[in-house]
There are 2 protein chains.
Amino acid sequence: MSVVTSSPDTSTALLTDHYELTMVQAARQSGTADRRAVFELFPRRLPEGRRYGVVAGVGRALDAIECFRFDAASLAALEGVVDADLLDWLGSYRFSGDVWGYAEGEAYFPHSPLLVVEGTFAEAVLLETVLLSIYNHDSAIASAASRMTLAAGDRPCIEMGSRRTHEEAAVAAARAAYVAGFDATSNLAARARHGVPSTGTSAHSFTLLHDAEADAFRAQVQTLGVGTTLLVDTYDVAEAVALAVEVAGTGLGAVRLDSGDLGEIAREVRAQLDGLGATGTRIVVTSDLDEHAIAALAAAPVDAYGVGTQLVTGSGHPTCGFVYKLVAREGEDNELVSVAKKSLDKVSVGGRKYALRRRGPSGVAEAEVVGIGEAPADDGDPSTGLRTSDRPLLVPLVRAGEVVGRATLEEARARHRASVAELPRAVTMMSAGEPVIPTVFAG
Amino acid sequence: MSVVTSSPDTSTALLTDHYELTMVQAARQSGTADRRAVFELFPRRLPEGRRYGVVAGVGRALDAIECFRFDAASLAALEGVVDADLLDWLGSYRFSGDVWGYAEGEAYFPHSPLLVVEGTFAEAVLLETVLLSIYNHDSAIASAASRMTLAAGDRPCIEMGSRRTHEEAAVAAARAAYVAGFDATSNLAARARHGVPSTGTSAHSFTLLHDAEADAFRAQVQTLGVGTTLLVDTYDVAEAVALAVEVAGTGLGAVRLDSGDLGEIAREVRAQLDGLGATGTRIVVTSDLDEHAIAALAAAPVDAYGVGTQLVTGSGHPTCGFVYKLVAREGEDNELVSVAKKSLDKVSVGGRKYALRRRGPSGVAEAEVVGIGEAPADDGDPSTGLRTSDRPLLVPLVRAGEVVGRATLEEARARHRASVAELPRAVTMMSAGEPVIPTVFAG
């Protein structure tokens with residue numbers, strides 16, 4: 001049995017770009033490797049037309065930092081990449097610095113300082129690639145998922161996209177979707193590793209396997225109970241719905257529609273189910289849904305949405321474009337110096353960042369306030385009742401190398417709900433537009 | 001230390017949808033689980049505007065089949081998902097059937113039967129999710145990568161997108177890009193696991209870390225040699241190029257440009273380098289390149305392309321939309337029966353498929369011929385010299401559960417080169433269009 005590509009070892013150290021290591025080697029040459037450094041992970045902008053983003057992957061990133069160790073196999077693989085001196089240094093690598101960041105599930109905007117990583121240059125630069133990979137992927141999924149759950153309102157969304165993305169990305173996508181309000185996933189590894197509830201119906205192959213549709217329905221109901229969801233569009237939908245209720249009775253849990261004009265067919269099926277007395281049988285729809293299709297089905301008698309491709313590909317935006325930039329580092333006099341690349345087309349703002357969400361009357365968010373070098377002041381004044389206290393956004397995640405900011409997925413879900421609820425109403429608009437609140441630099 | 005999300009164990013069995021298992025449980029109830037079944041993995045269409053696709057992930061899929069075993073931890077995680085009888089069955093699961101498929105690196109077209117999986121329904125349906133995940137992801141990357149390497153011509157392409165995609169998808173993306181003609185990757189895990197050559201330059205943070213650009217350049221050259229690539233756009237490009245040659249000498253390996261109008265700046269830098277005598281110093285460009293940007297730089301004095309975001313996100317098409325459909329299964333009389341869902345909007349063609357690439361005069365591909373139920377006839381007639389023999393596309397990958405079709409990455413690269421070279425010249429067009437050859441059903 002050869003190496004399994006998707007799950008080789010528990011070290012995350014090689015999920016890293018070649019140049020991170022050679023830069024450390026060169027910085028050791030120039031005596032700058034141990035300079036104190038502050039890196040910031042942030043988005044320069046939201047994806048075109050998006051009104052907000054949602055942070056996910058924080059918990060996975062903390063795991064990745066903890067597991068960022070070069071074991072014997074990793075070091076052996078680096079022969080020829082770096083010199084013996086650096087291999088020796090890597091062998092005892094362990095991140096010993098501090099990390100602050102937005103809590104998982106939090107909304108974000110252009111230039112939100114999602115992570116602030118402080119340590120020596122050498123120890124902090126090594127984390128660049130894996131932190132960006134996790135944040136760029138997971139937040140892209142959560143940002144799309146959040147729009148979908150907003151569009152779905154009270155109706156549950158089920159994540160079913162595993163087959164359309166890399167097999168490990170699928171697990172992370174199920175987790176990120178759950179953070180952003182999805183109710184369940186089809187992915188069993190997400191259930192096993194992260195405790196995301198899993199669920200499933202059946203495929204057309206199951207019906208086609210049987211000599212008659214009735215045989216398939218009977219087998220499923222006998223095995224999984226009448227609460228199961230029967231797939232009714234393999235042959236003729238109306239015949240299948242009649243058959244489903246005949247087999248399972250009026251207590252049938254749900255039927256699934258996976259093709260055609262879903263809104264129109266759902267209306268017909270609802271009428272048919274009600275006519276048969278199966279008034280509690282739910283209608284689940286799937287078939288290349290995205291947030292726009294979900295919104296368009298708002299008036300249709302649909303009870304749940306199964307979302308696949310568009311969820312795991314970020315609904316047009318499969319990556320967030322987060323970058324990880326050095327914003328300050330120790331100078332010759334041992335003081336921190338703000339730094340930034342001078343570029344016209346790629347804006348970076350030097351200096352350590354702080355952030356708060358400015359809230360106005362009734363607690364509605366008004367701005368993303370990013371402080372440079374110092375925390376921006378709260379302009380809330382509860383005594384007058386005219387404004388709500390502003391909300392600081394950076395929480396401690398790692399202190400002296402120890403993870404201190406771990407949250408449960410349920411906490412991340414609650415954070416997502418509260419954070420989105422606090423945003424201006426325009427957040428529910430599915431059309432393209434500007435960020436619902438502006439980013440303001442202060443300090 | 002908690003569970004690392006990205007690499008938990010060596011079993012691939014939980015990288016699976018919930019319903020695959022419950023369908024098997026129900027099929028055992030109806031006595032159909034052991035019916036002989038043929039599943040087919042295929043694309044209904046190419047992504048909008050694409051003229052061909054490239055198969056990748058074959059080797060990873062074979063690994064995934066071998067490692068698809070339910071160990072004790074997997075079984076424990078399935079308590080509550082399936083019943084004790086099925087847990088018992090899963091405990092001894094091992095795929096014992098046959099698989100044929102397109103070789104890794106091969107071009108594909110709508111309805112190309114990329115994989116044909118034959119076994120019992122139960123054993124074959126369980127592989128659906130993980131096979132689709134691997135093929136849909138890896139082929140999306142290879143299809144985009146192939147267009148980029150075609151656009152780049154003789155100039156090397158370097159994969160640098162790890163930070164923009166899930167950390168494990170990044171490793172698979174580096175591998176798929178290499179199959180499709182990329183020369184190297186930044187990803188160290190792809191080097192360690194798959195032997196993809198890794199390479200790197202340095203980041204702006206490395207320059208910013210130092211008190212002067214000269215200090216950074218000196219450290220890099222002293223550590224990595226004059227053959228290294230210096231990043232010259234942190235401050236002023238012209239000053240940096242002069243400094244780079246001053247520090248490294250005219251033997252400097254390369255300079256990297258990561259912002260601005262790359263074509264215009266490359267011309268200025270080339271003239272400056274030549275004027276300084278550094279005529280052999282190469283120019284590497286990066287910065288959100290895709291196949292169109294690469295093609296647009298064809299006339300510029302650029303020596304290599306570093307490609308990130310657009311590569312790992314499939315350049316607008318992050319997934320291939322491959323499906324895995326039951327196309328034939330054993331009937332009551334023990335004969336195989338062709339089956340297909342009746343649907344107007346999702347075309348599936350029942351029956352076991354065969355495929356060959358029809359080749360005309362000079363060996364240029366003319367059609368993807370898909371035989372239903374039997375292999376299509378070769379219409380080549382080398383004796384007349386007017387046509388070339390057609391080329392069968394399905395190769396044995398697994399026989400009675402044993403992997404027999406493993407190829408090296410170098411073989412996959414050679415297959416990609418040969419397969420693309422055989423296609424009509426329109427394959428090099430970067431504009432949107434129809435597939436360069438039609439798919440024809442026969443038999």
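In what follows, chains carry the letters A, B, and so on, assigned in the order in which the sequence lines appear, proteins first and then strands, with residues in each chain numbered from 1.
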What part of [X] lies closer than 4.5 angstrom to a heavy atom of chain A: side chain, backbone, both or neither?
X: B:I141; value: neither
X: B:A13; value: neither
X: B:Y135; value: neither

Q: Tell me, with the steps shown, if A:E167 and B:R60 meet side chain to side chain contact (heavy atoms under 4.5 Å, CB included).
A: CA-CA 11 Å; A:E167 69 277 17; B:R60 296 208 312 117; 2.7 Å; yes
Between [X] (side chain only) and [Y] (backbone N and O only), is there a donor and an acceptor less than 3.5 Å apart?
X: B:T223; Y: A:Q29; result: no
X: B:R35; Y: A:L209; result: yes
X: B:R218; Y: A:S30; result: no
X: A:T319; Y: B:R164; result: yes

Heavy-atom pairs under 4.5 Å with chain B - which of [options] has more of them than the others?
options: A:R28, A:M160, A:H210; answer: A:H210
options: A:A173, A:A140, A:S202, A:G200; answer: A:S202
options: A:T201, A:N187, A:V130; answer: A:T201
options: A:G331, A:A170, A:A203; answer: A:A203
options: A:T129, A:N136, A:V339, A:L208; answer: A:L208
options: A:A77, A:A328, A:C320, A:A219; answer: A:A219

Practice problem: With side chain to side chain contact (heavy atoms under 4.5 Å, CB included) as the test, would you mind laying out the steps for A:R163 and B:H137 before giving the verdict? | Solution: CA-CA 9 Å; A:R163 62 190 56 194; B:H137 175 267; over 6 Å; no
Any chance you could measure [X], atom [atom1], to [Y], atom [atom2], to the nearest 0.5 Å?
X: B:E330; Y: A:D211; atom1: CD; atom2: CG; result: 10.0 Å
X: B:S205; Y: A:Y324; atom1: OG; atom2: OH; result: 9.0 Å
X: B:L231; Y: A:Y19; atom1: CG; atom2: OH; result: 8.5 Å
X: B:L326; Y: A:F206; atom1: CG; atom2: CZ; result: 12.0 Å

I'd like to verify something: which residue of [options] has the highest number of heavy-atom pairs under 4.5 Å with chain A?
options: B:G316, B:S198, B:P318; result: B:S198
options: B:D215, B:T199, B:L224; result: B:T199
options: B:L131, B:V337, B:I134, B:V312; result: B:I134

Is it the side chain or the backbone of [X] that comes within 4.5 Å of chain B heavy atoms, both, or neither?
X: A:L62; result: neither
X: A:L78; result: side chain
X: A:S162; result: both
X: A:E79; result: backbone
X: A:A76; result: neither
X: A:A37; result: neither

Looking only at side-chain N and O atoms, does [Y] offer a donor or acceptor that is under 3.5 Å from a partner on [X]?
X: A:K341; Y: B:T207; answer: no
X: B:S133; Y: A:H166; answer: no
X: A:H18; Y: B:S186; answer: no

Less than 4.5 Å apart, any side-chain heavy atom of A:D17 and any of B:L188?
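Side chain of A:D17 against side chain of B:L188, heavy atoms only: no contact under 4.5 Å found.
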